[in-house]
Amino acid sequence: MSMSVRRAWPQLLVAVLGLWLMAAPAVLGFGGLAATTHHVVGPVAATVGFLAAWDHLRPLRWVTLPLSVVLVVLPFWFRELVPAANSAVVGLLLVGFAVLDRGVAETYGGGWSVLWTGTTESDSDGNRAA
């Protein structure tokens with residue numbers, strides 16, 4: 001298993017939580033505003049989690065913070081315990097996984113300056129990447 005995949009487990013769990021959000025209304029048997037919220041936030045969270053698993057797209061993980069706010073605030077309008085609890089728990093987990101960063105395993109490229117300098121930027125350890 002590559003180092004970047006081992007460091008990506010929080011983002012991959014965000015993708016799994018997004019899939020759960022899409023399935024939760026059918027599995028737990030609720031509808032209305034709660035189901036709509038889950039069906040809108042779920043695919044976005046799954047996509048962001050999957051894409052943020054790659055080192056060069058890791059900053060994309062911060063997109064889950066506004067999604068988390070939606071999931072934590074909207075349960076007050078659901079008026080049902082099961083979807084509200086599911087939404088709040090998943091929202092808090094999304095915040096936790098967004099904040100939890102395992103770092104970047106490698107640096108990539110060096111921007112346009114590589115064309116005229118022939119070198120890439122230093123990685124986090126201060127070593128020159130080839």
Side-chain angles (χ1 to χ4, degrees):
M1 183 181 291
S2 77
M3 178 61 81
S4 75
V5 172
R6 278 183 280 178
R7 291 175 181 258
W9 66 266
Q11 287 72 35
L12 295 175
L13 287 176
V14 167
V16 170
L17 287 172
L19 295 174
W20 166 249
L21 284 172
M22 289 187 282
V27 172
L28 300 175
F30 59 85
L33 177 62
T36 303
T37 302
H38 283 66
H39 287 147
V40 170
V41 173
V44 176
T47 302
V48 167
F50 182 71
L51 291 175
W54 278 266
D55 282 346
H56 56 286
L57 292 174
R58 191 66 44 86
L60 192 61
R61 75 183 192 278
W62 295 112
V63 172
T64 59
L65 289 180
L67 299 175
S68 301
V69 170
V70 168
L71 288 173
V72 171
V73 170
L74 276 181
F76 295 110
W77 284 281
F78 292 166
R79 297 182 185 181
E80 295 178 45
L81 179 62
V82 172
N86 181 63
S87 181
V89 168
V90 171
L92 292 173
L93 286 172
L94 288 178
V95 168
F97 291 136
V99 172
L100 182 64
D101 183 21
R102 299 288 308 237
V104 176
E106 302 174 27
T107 58
Y108 298 94
W112 286 98
S113 65
V114 172
L115 295 176
W116 55 85
T117 64
T119 60
T120 59
E121 295 181 26
S122 297
D123 62 10
S124 61
D125 296 331
N127 301 322
R128 285 277 178 197

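Heavy-atom basis, side chains included; hydrogens, waters and symmetry copies ignored. Here the structure is a predicted model, which means the values were calculated and not measured.
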| Leu51 reachable from Val48 in the ILVMFWY side-chain graph, under 4.5 Å edges | yes
| task | State whether the number of non-hydrogen atoms from other residues, nucleotides or ligands found under 6.0 Å of Phe50 atom CZ is greater than 12. | result | no
| field | Leu67: side chain to side chain contact (heavy atoms under 4.5 Å, CB included) partners, not counting sequence neighbours | value | Val41, Val44, Ala45
| said: Are the side chains of Leu17 and Thr64 in contact, using a 4.5 Å heavy-atom criterion? | reply: no
| remark: Residues Trp62 and Val99: closest non-hydrogen pair is CH2-CA, 4.2 Å
| message | How close do Leu65 and Ala98 get, counting heavy atoms only, and between which atoms? | response | CD2-CB, 4.0 Å
| query | Pairs in or reaching into residues 31-47: which pass side-chain hydrogen bond (donor to acceptor under 3.5 Å, both in side chains), with residues at least two apart or in two chains? | reply | His38-Asn86
| field | Nearest heavy atoms of Arg61 and Ala52, plus distance in Å | value | N-CB, 3.9 Å
| said: Working to the nearest 0.5 angstrom, can you tell me the gap between Trp9 CH2 and Leu100 CG? | reply: 5.0 Å
| Linked, directly or transitively: Val89 and Val14 (ILVMFWY side chains, under 4.5 Å) | yes
| said: Can you list everything that forms a side chain to side chain contact (heavy atoms under 4.5 Å, CB included) with Val73? Sequence neighbours excluded, please. | reply: Val69, Trp77
| query | Linking I/L/V/M/F/W/Y whenever any side-chain heavy atoms sit under 4.5 Å apart, do Leu60 and Leu94 land together? | reply | yes
| message | Count I, L, V, M, F, W, Y as connected when their side-chain heavy atoms are under 4.5 Å apart, and connections chain through other members. Are Leu33 and Leu71 then in the same cluster? | response | yes
| Residues clustering with Leu92 (ILVMFWY side chains joined when closer than 4.5 Å, directly or via others) | Val72
| message | Checking one residue: Leu81. Which other hydrophobic residues are in its cluster under the side-chain 4.5 Å linking rule? | response | none
| query | Between Ser68 and Val95, which heavy-atom pair has the shortest distance, and what is it? | reply | CB-CG2, 3.3 Å
| task | Group every Ile, Leu, Val, Met, Phe, Trp and Tyr by side-chain heavy-atom contacts under 4.5 Å, then state whether Leu93 and Val27 land in the same group. | result | yes
| query | How long is the span from the CG atom in Leu13 to the CH2 atom in Trp20, to the nearest 0.5 Å? | reply | 15.0 Å
